[in-house]
Structure formats: structure tokens, C-alpha cells
Number of protein chains: 2
Amino acid sequence: MKKQAKISNAVIKRLPRYRRYLKELRKKGVDKISSNEFSTLIGYTASQIRQDLNNFGGFGQQGYGYSVDGLYHEISAILGLDKQYKMVVVGAGNLGQAIVNHTYYYKSGFIVSAIFEVNPKLIGLRINDIEVMDYENIVEYVEENEIDIGIICTTMDAAQEVADKLCFAGVKGLWNFAPVDIETPGHVAIENVHLTDSLYSLAYHINGAQEHNKK
Amino acid sequence: MKKQAKISNAVIKRLPRYRRYLKELRKKGVDKISSNEFSTLIGYTASQIRQDLNNFGGFGQQGYGYSVDGLYHEISAILGLDKQYKMVVVGAGNLGQAIVNHTYYYKSGFIVSAIFEVNPKLIGLRINDIEVMDYENIVEYVEENEIDIGIICTTMDAAQEVADKLCFAGVKGLWNFAPVDIETPGHVAIENVHLTDSLYSLAYHINGAQEHNKK
DNA sequence: TAGATTGTTAATCGATTAACAATC
DNA sequence: TAGATTGTTAATCGATTAACAATC
């Protein structure tokens, strides 16, 4: 088995977008699409689309294009969306609750199996029919239930310690919403979502662009 | 006034991170920092730090380094965080509510002044002391109150129409959480936050990397 | 002044785009 | 077969890193 060259993160970050557009096309009953047609729709160059897809294999057919349904399933498989993931949320605040609901609605393969909290007033409650458990028991739970993903919705201060515990307990990935950059051992994937940073870059674009001239 | 070269989005996206680290340093009472020390801390090369900052002006002092407090304020100003922003949230579901709370806690300059909904059961309620209003009245409200930012927490189907209305009513930027790519006229800034895409790229990193060999 | 560290130019690296041969 | 469109190599572009002169 030939070792494949590492695929750049820029490519990976485009895959979910390809998939979204393919899903829509599929819903509309479109059978095939050429890289040129796809380019017009999605806003990447046709060249980039072909390059991106060819990182994973030749999914198209010369003279014809790409099968919408076929490509949709290929990309889903590449992303690992043909598998199931067991997740725990840490922090039952507003954001934690929203994530529970959000994923509940949209992501069939991503199952939130428990929520962990330190606040005794919240422990024992059910959010979206998922139990809020005592943070004390998190390691035991994650180990026993073979949890894949930990979702960190804690304060900034607690985040790294929570991450360390989750990694120790054996999760394969962390989805971090706390406003710090979480560090994980090399074998644990990490996706930092910095909502505040996102809002700040929006603020820049609203008014910053023309005001900061050098000299 | 010399026209400045356009600053790449890669640079802009790093600014909030610089600011976060500077804020921490400031809290710890650190007065000055060299690009080398900052590099160790933040994980960018010293060269990149100096390049990034010099897009906006010479904030450092040769032989000394950068003033933590000074740089913190400079970056804040570049991002436009010395200004206030009036915002409306569209969609009072879980995500909308979480955003209201989230920004309420963290962002002093970003004020949510109303939430808009189509569901009559929610209209009239108060979330975090902010009124939930009828979506029917959104254009009038945004115009009269000179709202700067619209936050879209609707379904995929409604998102673009909501965006169009907000742009028509005069917002300067949109923060979109619906899982579609929103289009705006050139003068309206747009920041798409695709949480689902983020989760999917995490899934890829959990298991995808080694399984998709070509041929 | 000597040492340190920036600001800035030059070199390198990586990602995107263009071109075209392969092939359906 | 001829036309279309991919897969892939080559060219370009932009972003990052290295090097060093300027200067505090």
C-alpha cells in the first residue's frame, strides 16, 4: 500500500463544503456535474476542484464529469461520515446546551451520550433527553462507554484541564469552544472553534480595512 | 495618505489570537515582549509576528521589543474593538439563545439589541432581558436603530432571504451560523461560521488521514 | 558604545491556477 | 470517431521563513 502524501488542511477544510453542495444537487435530482459547472456553483476554480478530488482518487470520468451521488458518498467516506461517533459535552451552559441541540438535529452519526457539569444544581437534569452528570465521573464514563469525541464548552480557565482528562480517558478528538488554544497529544485530534475571534475579524472587515495606514 | 496594500485574510485571522495572548500577558503584569518570546508562547515564528505587525505600522522598538499594553491596544483598535456595535439576532432557537448569552458575557462592545423570530409562541418573550420581536418588523427596526451587525441563526432555507433583508435595511456586517454560504453585496462584510463543517473536519482527522490512499 | 531586537528585503515554500495529454 | 472533460504536470502566485541592515 503506497503511503499517500499528507493532504493539506486547506483541502480538508473544503471537503465539507463540497459535500454540502453535492447534497443539494442530489436533492434536486442532478445526476452528474462537470468541474466547470461545479466551479460556477461553489466558487472554486475548476482546476482546484479537480486537484482537490484527485488527492483522494480519480472519482470522475473523462468526457463525462462526476457522478453527483457517487462523489457525495466518496467525500462522506473520506470525512469519516459513514461511521458513528459517541460524544460527551463538558459544560452545560448555554453554549453546551445549544451544541447538544444543534448536533442532535443535524448530525445523524454524531451522538451526544452525556453532558458533564461541576455545578450541582444542574447535575441530574436532562437536556434534550441527555443526562447531565457529575464532572467527577468523567474519566470513568469516557473509558467505559468508549467515547470518541469530547466537546469542551467550559470557561477559558477550565478548558485545558478538561482536555487533559478527556485525552487521558481515551477520546480520539476534541471540539473546543472555550476561548483558548487547547493542546493535545499528537494522536488526539483537535478542532478549536473561536467564536469570539470570528466576531472580531468581522468587526475588522466592517470598518478596519481603510483606517490603518502605515506611516 | 498613501493607500495601503490590501492585507491578506490570513493576517486578519491571526490578529484576535495575538490579542488573546497579549490580554493574558497584560493580566500577568508583563510589560514588554520580544518577537522571539512571543513566538515561543503563541506558536507562530518570530518572523511571522514581525511581518504581521508591520502590515499596520512599526509598533516595536529596536533593541527592546514590543510593549504588551501598547500592542494590545493597537491590535484592539485595528480590529475595531474600540467601537461599539449594535446587533440583532435572527432566530430564537437554541443557537440564537446561546449566541445572545455568549456575546452578553464576553464582548463589551457588541450589544444585542433585539432578537427576531417567526414563531408566534416565542414573540414577546425575553431572553437574557432582550425582547423577542416579530420578524415582520425587522427592516423597520434595523433602520430606525441603526443596527450594525445581523446574526443569522435560522434554518438553511431562510438564511439567504434574511441576509438580503438585513442588507437592505442597512447592516454593515453579517455573522452567519446557518449551514449555507451567504452572499452579500460588496459593502456588507460576511463571516460564515460553519459548525457542522468544523465537526466534519474533526471527524476526518480522527480517522481519515491514513485510509484514503489513491490507486 | 555594544548588544539586542526590530523593520524590511530576499529566499523559500506551499498552494492555486493554467495547460494539455490521456481517455472516456 | 469526435467531442468533452478528467487527471496530472508545469507555471504562477501568495504566504511564510530566513537573513540582515537599521536603530534603539
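Chain A is the first sequence line, chain B the second, and so forth, proteins listed ahead of strands; every chain is numbered from 1. The shown structure was predicted, so the numbers you read here are calculated from the model rather than taken from an experiment. Only heavy atoms go into these numbers, but all of them, side chains included; no hydrogens, no water, no symmetry mates.
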Would you say A:Q48 places a side-chain N or O within less than 4.0 Å of OP1 or OP2 belonging to C:dT16? yes

With sequence neighbours left out, write down each residue that passes salt bridge (charged side-chain N to carboxylate O under 4.0 Å, His left out) with A:K172, or none if nothing qualifies. A:D148

Looking across every strand, which nucleic acid part, if any, lies under 4.0 Å from B:F59 by heavy atom: base, sugar-phosphate, or nothing? sugar-phosphate

On DNA chain C, nearest-nucleotide positions of B:S34 versus A:V11: which is more 5'? B:S34

Using atom CD of B:E37 as one end and atom P of C:dA4 as the other, report the distance to the nearest whole Å. 13 Å

For Watson-Crick and G-U wobble pairs within 3.5 Å on both distances, what is DNA chain C written in dot-bracket notation, | included for inter-strand pairing? ..||||||||||||||||||||||

Check the side chains of B:R14 and B:Y44 for a donor-acceptor pair under 3.5 angstrom, ignoring hydrogens and angles. no

Work out which heavy atom in A:Y135 is nearest to a heavy atom in A:F116; give both atom names and the distance. CA-CD2, 4.0 Å

Return the value, rounded to whole Å, for the distance between atom CG of A:L53 and atom C1' of D:dG7. 11 Å

For a 4.5 angstrom cut-off between non-hydrogen side-chain atoms, does B:S67 reach B:K32? no

How many whole angstroms separate atom CD of A:Q62 from atom P of C:dC20? 17 Å

So does A:S8 reach the base of C:dA15 with its side chain, donor to acceptor, closer than 3.5 Å? no

Is the base of D:dT8 touched by the side chain of A:Q51 through a donor-acceptor pair closer than 3.5 angstrom? no

Heavy-atom check, side chain of B:D181 versus side chain of A:R17, under 4.5 Å: yes

Could you tell me how the ring of A:F110 sits relative to the ring of A:Y85: parallel (under 30°), tilted (30 to 60°) or perpendicular (over 60°)? parallel

Grab the NZ-P distance between A:K6 and C:dC13 for me, whole Å please. 18 Å

A:I7 CD1 to C:dA15 P, in whole Å, measures 12 Å

Could you tell me whether the phosphate oxygens of D:dG7, OP1 or OP2, come under 4.0 Å of any side-chain nitrogen or oxygen in A:Y66? yes

Write down the distance between CG (A:N36) and P (C:dA19), rounded to a whole number of angstrom. 14 Å

Write down the distance between CZ (A:F38) and C1' (D:dT6), rounded to a whole number of angstrom. 15 Å

Minimal non-hydrogen separation, A:Q48 against A:Y18, with atom names: O-OH, 4.0 Å

Can you tell if the side chain of A:F38 reaches within under 4.5 Å of the side chain of A:V68, non-hydrogen atoms only? no

Please check the phosphate of D:dT6 (OP1 and OP2 only) for any side-chain N or O of A:Q61 closer than 4.0 Å. no

When the distance from CG of B:D52 to P of D:dG14 is rounded to whole Å, what number comes out? 17 Å

For a quick test of reading the model: is some side-chain N or O of A:T45 closer than 4.0 Å to OP1 or OP2 of C:dT17? yes

Under 4.0 angstrom between A:S35 side-chain N/O and D:dT6 OP1 or OP2: yes

Can a side chain N or O of A:R14 be found less than 4.0 Å away from OP1 or OP2 on C:dT16? yes

